[in-house]
Amino acid sequence: MTSQRTRQRMIERLREQGIRDEAVLAAMAEIPRHIFVDEALASRAYEDHALPLGYSQFISSPYTVARMCEIARAGGALGKVLEIGTGCGYQAAILARLAREVYSVERIAPLLERARVRLLRELKLRNVRMKHGDGNLGLAEVAPFDAIVLAAAATQVPQTLLDQLDLGGRMVLPKGTQKQQLCLIERSARGFTETVLEQVKFVPLQPGTIQ
Ligand code: SAH
């Protein structure tokens with residue numbers, strides 16, 4: 001149920017769904033997804049839907065993770081990436097295969113602690129740093145970033161995060177409340193341009209932290 005073959009079927013499905021970036025597909029073929037969910041759900045980890053993580057949060061579906069990484073990469077290598085909403089850490093692990101350095105911020109401390117064990121102790125990923133904090137504030141001490149990926153939906157894009165995007169940088173985020181759209185914001189010398197992509201469903205970006 002959690003074998004290499006199951007993972008390979010997930011990759012084939014992602015191709016059928018339109019994911020074209022081979023680096024993203026390779027990363028998702030390599031990182032086991034079942035270790036990020038509760039043991040009782042492990043056999044469903046490779047199906048194409050979101051699964052509960054506890055604390056009313058969800059691991060994004062494989063398609064959503066693949067699509068966000070593909071958009072963030074735009075076919076090129078990534079340097080420094082910031083993820084807001086570590087959750088179980090799955091997307092951070094995929095990003096770690098695609099970027100030189102990954103920084104991930106999570107507001108719920110126990111979720112972050114579990115993600116830390118998986119990413120650092122189990123998968124031994126050396127290029128991921130995790131921080132307990134309010135992602136609305138970004139990570140000023142490490143900015144600017146080549147890409148910022150939000151795993152929770154904002155009604156308005158926090159200006160602080162836009163400021164932490166490098167020139168030529170890309171932000172991928174779900175925007176809205178009930179009806180949400182996946183958006184790409186690109187920063188150039190002339191300013192920010194926004195492209196609305198497809199409809200999505202994410203938990204809301206919330207203020208503050210939980211111990
Ligand atoms: N990328 C994750 C998806 C997690 S779901 C994965 O692969 O599993 C979204 C996460 O965003 C939740 O864990 C939620 O607690 C977190 N979140 C919501 N608002 C936040 C904020 N302001 N700062 C940091 N994390 C936030």
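Computation of the quantities below employed the complete heavy-atom set of this structure, encompassing side-chain atoms and omitting hydrogens, waters and symmetry-equivalent molecules. Since this is a predicted model, take the numbers as computed values, not measurements.
One hydrophobic cluster holds both Phe192 and Phe145 under the rule that ILVMFWY side chains link at heavy-atom gaps under 4.5 Å. With hydrophobic clusters built from ILVMFWY side chains whose heavy atoms lie under 4.5 angstrom apart, Leu98 shares a cluster with Met28. Phe36 and Met130 fall within a single hydrophobic cluster, where Ile, Leu, Val, Met, Phe, Trp and Tyr are joined by side-chain heavy atoms under 4.5 Å apart, directly or via other members. Leu120 and Val117 are members of different hydrophobic clusters when ILVMFWY side chains are connected at heavy-atom separations under 4.5 Å. By the rule that hydrophobic residues join a cluster once side-chain heavy atoms approach within less than 4.5 Å of another member, Leu125 and Leu139 end up as members of separate clusters.
Contact between Val105 and Gly133 at its shortest, heavy atoms only, is CG1-O, 3.4 Å. Across Ile11 and Ala29, no two heavy atoms sit closer than the pair CD1-N, 3.6 Å. Smallest separation of non-hydrogen atoms from Ile59 and Leu53: N-CG, 3.5 Å. Here the shortest heavy-atom pairing between Leu205 and Pro158 reads CD2-CG, 4.2 Å. Across all their heavy atoms, Arg73 and Asp21 have their closest contact at NE-OD2, 2.8 Å. Contact detail for Pro62 and Arg33: the closest heavy-atom pair is CD-NH2, 3.4 Å.
At least one side-chain heavy atom of Gln159 sits under 4.5 Å from a side-chain heavy atom of Leu162. Side-chain contact between Glu141 and Lys131 is present, with at least one heavy-atom pair separated by less than 4.5 Å. A heavy-atom distance below 4.5 Å is not found between the side chains of Val149 and Cys69. Here the side chains of Leu161 and Leu82 are in contact, with some heavy-atom distance below 4.5 Å. Contact of the Leu41 side chain with the Pro52 side chain is registered, since non-hydrogen atoms from C-beta on lie closer than 4.5 Å. With a 4.5 Å cut-off on side-chain heavy atoms, Arg187 and Met171 do not count as touching. A 4.5 Å side-chain heavy-atom check between Val37 and Cys88 finds every atom pair outside the cut-off. Considering only heavy atoms from C-beta on, Leu123 stays 4.5 Å or farther from Val128 through its side chain.
Rounding to the nearest 0.5 Å gives a distance of 8.5 Å between OG of Ser61 and CG of Leu14. Expressed to the nearest 0.5 Å, how far CG of Asp146 lies from CZ of Arg170 amounts to 11.0 Å. For the atom pair CZ of Arg107 and CG of Asn136, the computed distance is 9.0 Å after rounding to the nearest 0.5 Å. Taken from CD in Glu30 to CZ in Arg97, the straight-line distance is 4.0 Å, to the nearest 0.5 Å. Once rounded to the nearest 0.5 Å, the distance linking CD of Glu101 with CG of Leu78 reads 11.5 Å. Gln199 contributes atom CD, which lies 9.0 Å from atom CD of Gln180 (distance to the nearest 0.5 angstrom).
Residues Arg67 and Glu70 are paired through a salt bridge, judged by an N-O separation under 4.0 Å between the basic side chain and the carboxylate.
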Exercise for the section: Carefully, step by step, assess Arg15 and Glu12 under the rule salt bridge (Lys or Arg N to Asp or Glu O under 4.0 Å). Expected result: CA-CA 5 Å; Arg15 282 187 200 282; Glu12 281 154 29; over 6 Å; no
Exercise for the section: Starting from the C-alpha separation in whole Å, work towards a yes-or-no answer on side chain to side chain contact (heavy atoms under 4.5 Å, CB included) for Arg100 and Asn127. Expected result: CA-CA 7 Å; Arg100 195 181 63 237; Asn127 59 337; 6.0 Å; no
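Among Arg13, Gln8, Arg9, His34, the single residue meeting the side-chain hydrogen bond (donor to acceptor under 3.5 Å, both in side chains) criterion with Tyr46 is His34.
The backbone N or O of Ile210 sits less than 3.5 Å from a side-chain atom of His132, completing a donor-acceptor pair. Lys80 places a side-chain N or O within 3.5 Å of a backbone atom of Val142 that can act as its donor or acceptor partner.
Around atom CD of Glu39, no more than 12 heavy atoms belonging to other residues, nucleotides or ligands sit under 6.0 Å away.
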